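Encoded as structure tokens, the structure appears first; notes follow it.
Residues: numbered from 1 along the sequence shown. Values in this document were obtained by computation on a predicted structure and should not be read as measured data. Values reported hereafter were calculated over all heavy atoms of this structure, with side chains retained and with hydrogens, waters and symmetry mates removed.
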Amino acid sequence: MSAKKEKTETSVLQGFKAFLMRGNVVDLAVAVVIGAAFTNIVNSVVKGLINPLVGAVGTQNLDNYSTCLSSSCKGTHGIQLMWGSVLGATLTFLVTASVVYFLMVLPMAKYLARQETRRKAREGVPATEEIVEVTELEVLKEIRDALVAQRGGQHDAIINQRGPRHDAR
């Protein structure tokens with residue numbers, strides 16, 4: 001093997017190793033493995049708890065729910081809409097999303113918010129900064145006062161000539 005080809009293979013392998021060892025690739029691999037295991041838990045919850053609750057009203061196997069669009073639906077003949085399987089998949093998704101949100105996302109968000117508050121407290125930054133809302137009227141009054149200050153006393157002379165202005169509040 002030539003030295004140039006060996007060097008190219010080594011750099012490719014080093015690049016691949018660097019790619020695999022980056023934090024987000026490893027995190028993604030862990031997430032996929034945990035997600036696969038989590039799918040089994042969610043499927044068990046849907047099949048063991050939700051489907052029997054639905055079965056109390058109808059049948060436990062949601063795949064049996066369908067609607068026929070043609071005059072007769074026997075066997076493979078006719079046009080059947082298998083809405084029961086769509087309902088089952090939707091329930092599985094909702095259970096998965098709610099478990100992920102309430103058991104993973106929400107606690108993690110609260111934890112990160114607490115960590116941020118602690119970090120700000122250590123740095124001496126106030127946790128909440130006061131937001132002062134300025135109304136449009138206040139801004140207009142400030143502009144008026146700035147213009148009056150630029151003109152000097154001319155504004156007072158004009159007001160004295162016209163008389164006092166009555167605000168419509």
The reported gap from CD in Q80 to OG in S66 (rounded to nearest 0.5 angstrom) is 4.0 Å
Hits for side-chain hydrogen bond (donor to acceptor under 3.5 Å, both in side chains) against T67, two or more places apart or cross-chain, chain-then-number order -> W83
message = Just so I know, are the side chains of E142 and D145 near enough to count as touching, which here means a heavy-atom distance under 4.5 Å?
response = no
By side-chain hydrogen bond (donor to acceptor under 3.5 Å, both in side chains), E116 pairs with (sequence neighbours left out) R119
Heavy atoms from other residues, nucleotides or ligands near CD of Q115 exceed 12 (cutoff 6.0 Å): yes
Cluster link L91 to Y101, ILVMFWY, side chain under 4.5 Å
yes
| query | Does E138 use its side chain to pair, donor to acceptor, with the backbone of T135 at less than 3.5 Å? | reply | yes
Taken in chain and number order and not counting sequence neighbours, the residues that satisfy side-chain contact (heavy atoms from CB on, under 4.5 Å) with V33 are none
Going by chain and number, the hydrophobic cluster around Y111 (ILVMFWY, side chain to side chain under 4.5 Å) further includes M108, L112
Worksheet item: Out of curiosity, does Y65 fall in the hydrophobic cluster containing M82 (side-chain heavy atoms, cut-off under 4.5 Å, transitive links)?
Response: no
inquiry  = Let me check something: do L140 and L147 share a hydrophobic cluster, defined by ILVMFWY side-chain heavy atoms less than 4.5 Å apart, either directly or through other members?
reply    = no
Connected to L94, directly or through other members, by ILVMFWY side-chain contacts below 4.5 Å are F93
Item to complete: List the steps and the verdict of side-chain contact (heavy atoms from CB on, under 4.5 Å) for T117 and R114.
Response: CA-CA 5 Å; T117 303; R114 281 194 306 260; 5.6 Å; no
Note: with side-chain heavy atoms under 4.5 Å as the link, the other cluster members for I79 come out as L69, L81
